[in-house]
Amino acid sequence: MTFKLPDLPFDAGALEPYISALTMKTHHGKHHAAYIKNMNAILAERADAQTSLEAVVSLAAREANKKLFNNAAQAWNHGFFWQSLSADAQNGPSGDLRAAIMNSFGSLEAFNDEAKAKGVGHFASGWLWLVSDESGALSLCDLHDADTPITDPSLTPLLVCDLWEHAYYIDYANERPRFVDAFLTKLANWRFAQAQYQAARSGSGAWVFAT
Ligand SMILES: [Fe+2]
């Protein structure tokens, strides 16, 4: 099958001044589009048909097919990243997700401190993920390059921050700390994270890449 570049769930300029329309248009229309185009070209050479992007990512991981994995996982990760951003979800986590953060990290401040330390301290390209295990325990993990927690069936991602320079260089130059701080305090889509958390607890309903 051929996968399509999903539309952004908001206007390209909706996240200004924290992420510019130019960054969003480049990130979505150039970077994300290229991963999907490259993946489709690789899949076109194969006889086996996959019914979902999640299945392609798992297949590539099992086969240790680095070229397919890098493009498929980046296609999925970016689709998830767009959902992790919001122009109007700036009040922080609430409800049972807030309680889970308190349980797992001790306090919201401790969560923010660990997220900033991992996001800023991550060397080179990658992603900062907030994930839940099946018991509802949360953790933060910074993964390199295209790596994604969906290769671990015991984990459900709740939010992700793109740490590749293409995510922030136009707006923040080399100042990744300011970008990570903006993500955590102005952009993180806590409503989406809450829905993902409920899916993690119930074992169904987690976000999937649209086909
Ligand atoms: Fe990216």
Side-chain angles (χ1 to χ4, degrees), residues 6-10 14-15 18-19 32 52-55 57-58 61 72-122 126-144 146-164 167 179-211:
D7 291 336
L8 287 171
F10 40 74
L15 305 182
Y18 307 110
I19 299 178
H32 195 188
S52 70
L53 183 51
E54 291 77 16
V57 173
S58 296
Q74 286 294 81
W76 196 93
N77 293 347
H78 280 90
F80 193 88
F81 180 50
W82 311 139
Q83 302 300 321
S84 296
L85 299 168
S86 175
D88 62 356
Q90 299 174 10
N91 295 326
S94 59
D96 58 350
L97 176 58
R98 183 187 178 95
I101 288 175
M102 304 286 270
N103 284 339
S104 297
F105 296 93
S107 66
L108 287 177
E109 291 71 26
F111 164 77
N112 271 315
D113 288 348
E114 184 176 335
K116 280 180 194 166
K118 285 200 157 111
V120 172
H122 180 87
W127 300 85
L128 175 65
W129 299 90
L130 174 64
V131 299
S132 174
D133 69 14
E134 292 152 320
S135 75
L138 306 185
S139 57
L140 284 158
C141 53
D142 54 308
L143 299 181
H144 281 278
D147 282 354
T148 177
I150 64 169
T151 53
D152 183 340
S154 72
L155 298 177
T156 300
L158 308 188
L159 278 179
V160 73
C161 181
D162 190 340
L163 301 176
W164 287 60
F179 170 65
V180 172
D181 186 64
F183 175 81
L184 290 169
T185 61
K186 308 293 185 189
L187 297 167
N189 187 348
W190 292 107
R191 283 193 302 272
F192 176 69
Q194 170 70 27
Q196 286 293 104
Y197 184 63
Q198 287 173 348
R201 300 300 305 275
S202 67
S204 67
W207 182 85
V208 293
F209 192 94
T211 54

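What you see is a predicted model, and the numbers here were worked out from it, not measured in a lab.
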Response to the item:
Minimal heavy-atom distance between Ala193 and Leu159, with the atoms involved, is CB-CG, 3.7 Å

Item to complete: For the pair Leu158 and Leu97, evaluate side chain to side chain contact (heavy atoms under 4.5 Å, CB included) and give the outcome as yes or no after the intermediate values.
Response: CA-CA 10 Å; Leu158 308 188; Leu97 176 58; 3.8 Å; yes

Discussion item. Do Val180 and Leu163 make a side-chain contact, defined as non-hydrogen atoms from C-beta onward lying under 4.5 Å apart?
Written reply: yes

Discussion item. Walk me through whether Asn77 and Gln74 qualify under side chain to side chain contact (heavy atoms under 4.5 Å, CB included).
Written reply: CA-CA 5 Å; Asn77 293 347; Gln74 286 294 81; 3.5 Å; yes

Item to complete: Over all heavy atoms of both residues, which pair between Ala73 and Ala146 is shortest? Give the atoms and the distance, please.
Response: CB-O, 3.3 Å

Discussion item. Checking Asp133 now: which residues fulfil side chain to side chain donor-acceptor pair (under 3.5 Å) with it, not counting sequence neighbours?
Written reply: Ser135

Practice prompt. State, yes or no, whether a side-chain contact exists between Asp142 and Trp127 at a heavy-atom distance under 4.5 Å.
Written response: no

Fill in: With sequence neighbours excluded, residues passing side-chain contact (heavy atoms from CB on, under 4.5 Å) with Asp152
Ser154, Leu155

Worksheet item: Hey, does Leu138 have a side-chain heavy atom less than 4.5 Å from the side chain of Leu130?
Response: yes

Fill in: Test side chain to side chain donor-acceptor pair (under 3.5 Å) applied to Trp129 - qualifying residues, sequence neighbours left out
none

Worksheet item: Rounded to the nearest 0.5 Å, how far apart are CZ of Phe111 and CE of Met102?
Response: 12.5 Å

Discussion item. With heavy-atom distances below 4.5 Å as the criterion, would you say the side chains of Asn189 and Gln83 are in contact?
Written reply: no

Worksheet item: Leu187 versus Ser86: any side-chain heavy-atom pair under 4.5 Å?
Response: no

Worksheet item: Are the side chain of Gln196 and the backbone of Pro157 linked by a donor-acceptor contact shorter than 3.5 Å?
Response: yes

Practice prompt. Compare every heavy atom of Ala72 with every heavy atom of Leu53, then report the nearest pair and how far apart it is.
Written response: CD1-O, 3.8 Å

Discussion item. Going by side-chain contact (heavy atoms from CB on, under 4.5 Å), name the residues that satisfy it together with Thr151, two or more places apart in sequence or in a different chain.
Written reply: Val57, Ala61, Phe69, Thr148

Item to complete: Sequence neighbours left out, what passes side-chain contact (heavy atoms from CB on, under 4.5 Å) with Ser107? Give chain and number order.
Response: Glu109, Ala110

Practice prompt. Report yes if the side chains of Thr156 and Val131 come closer than 4.5 Å at any heavy-atom pair, otherwise no.
Written response: no

Discussion item. Just to verify, which of Trp82, Phe81, Phe80, Phe10 counts as forming a ring-ring contact (aromatic ring centres under 6.0 Å, His included) with Phe192?
Written reply: Phe80

Worksheet item: For residues Asp96 and Gln198, is any side-chain donor paired with an opposing acceptor at under 3.5 Å?
Response: no

Worksheet item: What's the shortest heavy-atom distance between Ala199 and Gly205, and which atoms?
Response: CB-C, 3.6 Å

Worksheet, complete the sentence: So NZ of Lys118 and SG of Cys161: to nearest 0.5 Å the spacing works out to 14.0 Å

Fill in: Test item: His122 and His144 side chains (from C-beta on) under 4.5 Å apart, heavy atoms
yes

Fill in: Residue pair Ala100 / Tyr197: nearest heavy atoms and the distance that separates them
CB-OH, 3.3 Å

Item to complete: Output, in order, the C-alpha distance, side-chain angles, deciding distance and verdict of side chain to side chain contact (heavy atoms under 4.5 Å, CB included) for Trp76 and Trp207.
Response: CA-CA 10 Å; Trp76 196 93; Trp207 182 85; 3.6 Å; yes

Worksheet item: Any side-chain heavy atom of Leu128 sitting closer than 4.5 Å to one from Phe183?
Response: no

Practice prompt. Return the set of residues passing side-chain contact (heavy atoms from CB on, under 4.5 Å) with Pro6 (not counting sequence neighbours), or none when no residue passes.
Written response: His32, Ile36, Phe209

